[in-house]
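Contents: one structure, followed by commentary.
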Number of protein chains: 2
Amino acid sequence: MHVTARADYAARAVIELAARLPAGATRQEIARSQQIPGKFLEAILGDLRRAGILEAHRGATGGYRLVADPVRITLADVIRVAEGPLAAVRGMPPEDVDYPGSAAALANVWIAVRASLRDVLEATTIADVLAKQLPEHVESLLARPDSWARR
Amino acid sequence: MHVTARADYAARAVIELAARLPAGATRQEIARSQQIPGKFLEAILGDLRRAGILEAHRGATGGYRLVADPVRITLADVIRVAEGPLAAVRGMPPEDVDYPGSAAALANVWIAVRASLRDVLEATTIADVLAKQLPEHVESLLARPDSWARR
DNA sequence: GCATAGCCTACTAAGTAAGTAGGAAAACTA
DNA sequence: TAGTTTTCCTACTTACTTAGTAGGCTATGC
């Protein structure tokens with residue numbers, strides 16, 4: 001249950017590019033304003049380009065620019081490009097793990113975990129994050145004080 | 001967003017021990033019935049013992065036995081022992097990651113993700129899994145057909 | 001033609017995940 | 001008391017991820 005640096009950086013790069021629309025930005029500009037190691041970011045931007053989320057242009061006036069509307073890009077889309085499927089158990093989708101006898105219902109718990117992750121990450125768009133106006137369901141999670149307890 | 005083998009195995013070991021109450025089981029017995037590599041399981045059982053979830057006895061009639069009531073052990077408890085905090089971003093709790101400017105609201109999304117994980121994993125006890133009777137909130141997630149889509 | 005900037009491959013170094021190996025220590029049994 | 005069983009502990013292997021570096025190639029605009 002760990003958001004990797006790749007996924008976090010990918011999300012921030014896409015948010016940064018959304019903020020600069022309709023213009024774009026170079027790798028250096030994104031790296032500096034989001035404090036991401038430049039060459040590491042380069043690899044992530046390559047994945048996002050191959051996934052069709054952004055486009056790149058080489059040369060003196062080159063850089064990256066979002067192709068899709070930030071309203072239509074969800075955080076789930078970006079995370080799947082950077083990290084793979086939203087929820088995996090021992091590297092497999094939850095329904096592929098088999099549980100002998102007494103632990104059978106554990107698979108259902110992992111499926112519920114995946115569903116609740118989707119409820120947050122497929123509902124939240126890049127435009128939502130940029131506007132600091134998250135979906136109702138997400139805001140209601142944040143409104144509960146114990147959501148902020150560290151544990 | 002990945003459940004490690006450690007966490008999955010830990011949960012299954014505790015479920016297996018709950019199923020065998022009031023008796024216990026040896027590492028070999030747990031390993032065989034849950035199909036977990038024996039020596040790897042040994043390390044995990046050691047952590048669960050040090051966390052006070054189970055107790056161990058050496059010798060010919062030795063083995064492991066749950067000390068707490070399965071109704072009072074949540075999946076979150078077990079996962080925290082095996083894996084650490086439920087949700088981390090780049091190895092840190094979400095509130096410790098700082099986001100420059102336009103990505104500021106991203107921290108809130110990670111906090112909402114953690115809250116929704118807690119809603120599932122702190123509500124579900126070992127007894128629930130064993131009885132195949134999950135909490136209402138979890139069952140209602142599973143009742144939605146798109147929770148079962150692979151994606 | 002030159003500077004800029006993305007593209008691609010390869011490498012290093014540290015850390016984690018998953019699993020293995022072997023022996024020491026404790027506890028029961030004959 | 002000797003032998004068996006089982007946990008306990010340290011150390012190791014293998015592979016992958018994270019983070020970062022180096023350098024050359026390719027496309028683009030002035």
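Proteins come first, then strands; the chains are lettered A, B, ... in the order of their sequence lines, and each starts at number 1. Worth knowing before you read on, the calculation uses all heavy atoms, side chains too, and leaves out hydrogens, waters and symmetry mates.
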Specify the separation, in whole Å, of atom CG of A:L45 and atom P of C:dC7.
8 Å
For residues B:L21 and B:L75: do they belong to one hydrophobic cluster (side chain heavy atoms under 4.5 Å, members Ile, Leu, Val, Met, Phe, Trp, Tyr)?
yes
Run through A:V78, A:V138, A:L86, A:D77 and flag the one making a side-chain contact (heavy atoms from CB on, under 4.5 Å) with A:L121.
A:L86
Rounding to a whole Å, what distance do you find between A:D47:CG and C:dT9:P?
13 Å
Counting only side-chain nitrogens and oxygens, does B:T26 get under 4.0 Å of the OP1 or OP2 atom of D:dT5?
no
Taken to the nearest whole Å, CZ/A:F40 to P/C:dT12 is 19 Å
What is the distance, to the nearest angstrom, from the CD atom on B:Q28 to the P atom on D:dT7?
8 Å
Find the distance A:E42:CD to D:dT26:C1' and express it as a whole number of Å.
13 Å
Assuming nearest nucleotide by heavy-atom distance, tell me which of B:G62 and B:K39 is located more 5' along DNA chain D.
B:G62
Has B:Y9 got a side-chain N or O lying under 4.0 Å from the OP1 or OP2 atom of C:dG19?
yes
Any sub-3.5 Å donor-acceptor pair from B:W148's side-chain atoms to B:L142's backbone N or O?
yes
Using a heavy-atom cut-off of 4.0 Å across all strands, would you classify B:G46 as base, sugar-phosphate, or nothing?
nothing
Name the residue closer to the 5' end of DNA chain D, choosing between B:R27 and A:I36 according to the nucleotide with the nearest heavy atom.
B:R27
Just the rounded figure in Å: distance from P of D:dA19 to CE of B:M92.
9 Å
Toward the 5' end of DNA chain C, which comes first, B:E83 or B:P37, by nearest nucleotide?
B:E83
B:H2 NE2 to C:dA18 P: how many Å, rounded?
7 Å
Counting any heavy atom closer than 4.0 Å, what does B:G63 reach on the DNA or RNA strands: base, sugar-phosphate only, or nothing?
sugar-phosphate
Please confirm whether the shortest side-chain N or O distance from B:R49 to OP1 or OP2 of D:dC9 is below 4.0 Å.
yes
Is it the case that the base of D:dT7 and the side chain of B:R58 share a donor-acceptor contact (distance under 3.5 Å, atom types as modelled)?
yes
Short side-chain N/O contact to C:dC7 OP1/OP2 from A:R50, under 4.0 Å:
no
Which of B:V14, B:L17, B:L66 passes side-chain contact (heavy atoms from CB on, under 4.5 Å) with B:L48? Answer is B:V14
If you pin B:A7 and B:A60 to their nearest nucleotides in DNA chain C, which one's is more 5'?
B:A7
Here the distance between atom P of C:dT20 and atom CD1 of B:I44, to the nearest Å, is 12 Å
Pair A:T74-A:E122, side-chain donor/acceptor within less than 3.5 Å
no
